[in-house]
Each structure stands twice: as structure tokens, then as C-alpha cells.
Amino acid sequence: MKKAVLTAAALASAMAVSGCNTPQDANAARGAVIGGTSGALIGGLASGRPGGALVGGAIGAASGAILGAAATPRPLPPRPGFGPPCAEWGYDAYGTPVCLRFYPY
């Protein structure tokens, strides 16, 4: 019974992260997997008990997800001549070019 519940929980969590579309979400998921795996390995080796592997895996997954999401580069701003035609370009408060007015069709 316990094995069936754990398998169902693993499948449900895999389905929850399978719909990630943004690079930030994908990098957070990759970071959580890498951090959780390495944290469980280090926690298990350092403590010698299964509880250490669980705690190390949880801490590693959380920190890996945070670092993976934070390390995602920002998308490049649209450039003139690429994407929808822009009639007037301006800049936001951070100096990023933004389209102020599009050509009507």
C-alpha cells in the first residue's frame, strides 16, 4: 500500500511540473532535481542514516529551485525589424527598448 501511494505521489508531482513552459520554470525544475539529488547524496553520506538523506534532499531541492530560477537570464528585448512592426520605439525606466505604438493593419 505504501509503495502504491508513493508511486502515485511521484506521478502526480511529475505531472505538475511537466507543464512548465517558461525558461525560469524549467531552470527551477532542473535546479530542484540536481539540488535534491546531490543534497540527498551528501546528506546520506554525512549522516549515515536515511533521515539525513531526506533532509539533505529537501534542502538541496529547495535551494536548487531558488538558484535555478534566479540564474535564468532575462529575455532579449524586441529589436527593430524583428517581430511585429513597431511604429515608434521608446525606452522604459531601465533603458530597455519598448514599442510605444504599432502600425495599424
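Just so we're clear, the structure is a prediction, and the values are computed from it rather than from any experiment.
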Worksheet entry | Residues clustered with I59, ILVMFWY side-chain links under 4.5 angstrom | V55
Anything under 3.5 Å between a donor and an acceptor, one on a side chain of residues 34-42, the other on a protein residue two or more places apart or in another chain? List them.
unit_1: T37; atom_1: OG1; unit_2: V33; atom_2: O; d: 2.7
unit_1: S38; atom_1: OG; unit_2: I34; atom_2: O; d: 2.9
unit_1: S38; atom_1: OG; unit_2: G35; atom_2: O; d: 3.3

Discussion item. Applying salt bridge (Lys or Arg N to Asp or Glu O under 4.0 Å) as the test, list every pair that has at least one member in residues 90-103; sequence neighbours left out.
Written reply: E88-R101
